[in-house]
There are 2 protein chains.
Amino acid sequence: MQMITEQEEISRRLNIKGYRLTKQRLAVLKALQSTKSHPDANWIYEKVRKEIPHISPGTIYRTLGVLKEAGLLRELDYGSSLSHYDANTENHPHIVCTNCGRIDDLPLSLPLAHHAPGQAHKLEEQASKATDFLITDHRLEFYGLCPHCRSSSAD
Amino acid sequence: MQMITEQEEISRRLNIKGYRLTKQRLAVLKALQSTKSHPDANWIYEKVRKEIPHISPGTIYRTLGVLKEAGLLRELDYGSSLSHYDANTENHPHIVCTNCGRIDDLPLSLPLAHHAPGQAHKLEEQASKATDFLITDHRLEFYGLCPHCRSSSAD
DNA sequence: TATAATATTAGTAACGATTATCATTATGGT
DNA sequence: ACCATAATGATAATCGTTACTAATATTATA
């Protein structure tokens with residue numbers, strides 16, 4: 001029975017993608033694992049800086065990208081960072097094309113009735129029971145390839 | 001029986017917040033209403049520019065903010081525009097504090113079982129039936145005030 | 001309808017998060 | 001230890017968005 005350390009496992013995951021394990025990458029991952037707060041890049045930068053004072057913000061961003069590709073973390077702001085606008089002010093789910101940025105409404109079928117416009121309040125009420133936050137809004141988005149990008153990415 | 005035009009209704013909604021109806025604001029709203037594509041600010045800028053050539057990007061952004069406050073449109077990128085990172089790579093819902101930016105996991109109770117980690121695939125499968133997109137991921141987020149901001153905003 | 005008070009605009013500069021560049025340094029395989 | 005290659009740090013560039021300001025438009029009031 002063969003034991004591998006956590007660090008070896010991280011190294012393995014990086015190697016699969018052709019990346020190397022460096023002390024900067026390990027420090028960034030540890031910093032992220034040390035909190036449940038889902039921090040942003042700057043928080044991680046400040047945290048890691050205590051250990052590696054000369055690390056640069058660029059390295060943080062590069063590292064977060066690498067760790068993401070290796071499946072070691074998840075980024076909570078997908079796709080383009082621009083805001084998009086909708087003249088329909090009722091809360092309803094969207095589907096976002098990760099290739100071309102197109103955003104459609106999700107036509108609602110039965111299994112998603114929870115998320116139908118008008119039911120928004122009900123869903124938030126349910127979520128309220130699970131947290132001490134005062135919930136005022138929510139957002140459900142699906143990501144994938146739109147019909148166009150789906151066929152043209154078949155190359 | 002008293003009829004009011006759509007434009008009067010828009011004006012009324014703006015006035016409630018102390019805003020005036022200008023041709024720029026009307027043009028931005030019309031541009032947004034003319035499409036189902038949930039465009040970004042630049043798309044709207046290019047569209048409105050055909051009608052009001054000297055309009056500036058700043059006006060677009062200011063106007064979108066005003067229309068949002070008046071409840072005439074919805075912005076699809078809430079809170080800070082920075083990315084946040086999570087060492088838990090399994091898809092799970094979050095609650096975001098709109099005041100301080102804190103992000104917590106949503107502790108799952110029964111009514112939200114659809115969204116429990118491990119069930120992600122099932123939810124995406126259901127959504128797939130309602131669209132021609134090839135769905136690969138999704139995201140459910142709740143917004144509100146965290147316990148701390150909730151009590152300190154009681155002033 | 002003039003006038004005054006205030007809101008809005010266009011144009012431009014500033015900002016801030018993120019990316020790109022590139023010379024130097026670190027890493028892993030031989 | 002040596003070599004090929006990947007990664008880093010420092011800095012400059014990018015780009016969406018905001019802030020600033022003088023000029024203009026709108027609304028309320030006389």
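Because the structure is a prediction, the values reported are computed rather than measured.
Distances shown here put every side-chain N or O of Thr22(B) at or beyond 4.0 Å from the OP1 or OP2 atom of dA7(C). Side-chain nitrogen and oxygen atoms of Gln24(A) include at least one within less than 4.0 Å of the OP1 or OP2 phosphate oxygen of dG9(D). In terms of phosphate contacts, Tyr61(B) brings no side-chain nitrogen or oxygen within less than 4.0 Å of OP1 or OP2 of dT18(D). Contact annotation: His54(B) side-chain N/O to dG11(C) OP1/OP2 distance is under 4.0 Å.
Between Glu124(B) and Lys129(B) there is no salt bridge, since no side-chain nitrogen of the basic residue lies less than 4.0 Å from a carboxylate oxygen of the acidic one. A salt bridge does not link Lys68(A) to Asp86(B): none of the charged side-chain nitrogens sits closer than 4.0 Å to a carboxylate oxygen. A salt bridge is absent between Arg13(B) and Glu69(B); no separation between the charged side-chain nitrogens and carboxylate oxygens falls under 4.0 Å. With salt bridges taken as basic N to acidic carboxylate O contacts below 4.0 Å, none links Arg49(A) and Glu51(A).
For Glu69(B) and dT8(C), the CD to P distance is 11 Å, given to the nearest whole Å. The CD1-P distance, from Ile52(B) to dT8(C), rounds to 15 Å in whole Å. Atom P of nucleotide dG9(D) and atom CZ of Arg49(A) are separated by 12 Å, given to the nearest angstrom. We find that NZ of Lys68(B) is positioned 11 Å from P of dT17(D), with the value rounded to whole Å. Atom pair Lys17(B):NZ and dT8(C):C1' shows a separation of 19 Å (rounding to whole Å applied). One atom, CD of Glu51(A), and another, P of dT8(D), lie 14 Å apart when rounded to the nearest Å. Straight-line distance from the CG atom of Leu29(A) to the C1' atom of dA7(D): 17 Å, rounded to whole Å. Atom pair Leu64(B):CG and dT8(C):P shows a separation of 15 Å (rounding to whole Å applied).
For the pairing with Arg12(B), the side-chain contact (heavy atoms from CB on, under 4.5 Å) check across Asn15(B), Ile16(B), Leu14(B) returns one residue only, Ile16(B).
The side chain of Ile55(B) has dA10(C) as its nearest neighbour among dA10(C), dT8(C), dT18(D). Closest contact between the side chain of Arg25(B) and the listed nucleotides dA7(D), dT9(C), dA10(D) involves dT9(C).
Comparing Gly58(A) and Lys23(A) along DNA chain D, the residue whose closest nucleotide (by nearest heavy atom) sits nearer the 5' end is Lys23(A).
Between the side chain of Arg20(A) and the base of dT27(C) there is at least one donor-acceptor pair of N/O atoms closer than 3.5 Å.
Nucleic acid contact for Arg62(B): base, since at least one base atom lies under 4.0 Å from a heavy atom of the residue. Thr59(A) comes within contact range of at least one nucleobase, with a heavy-atom separation under 4.0 Å.
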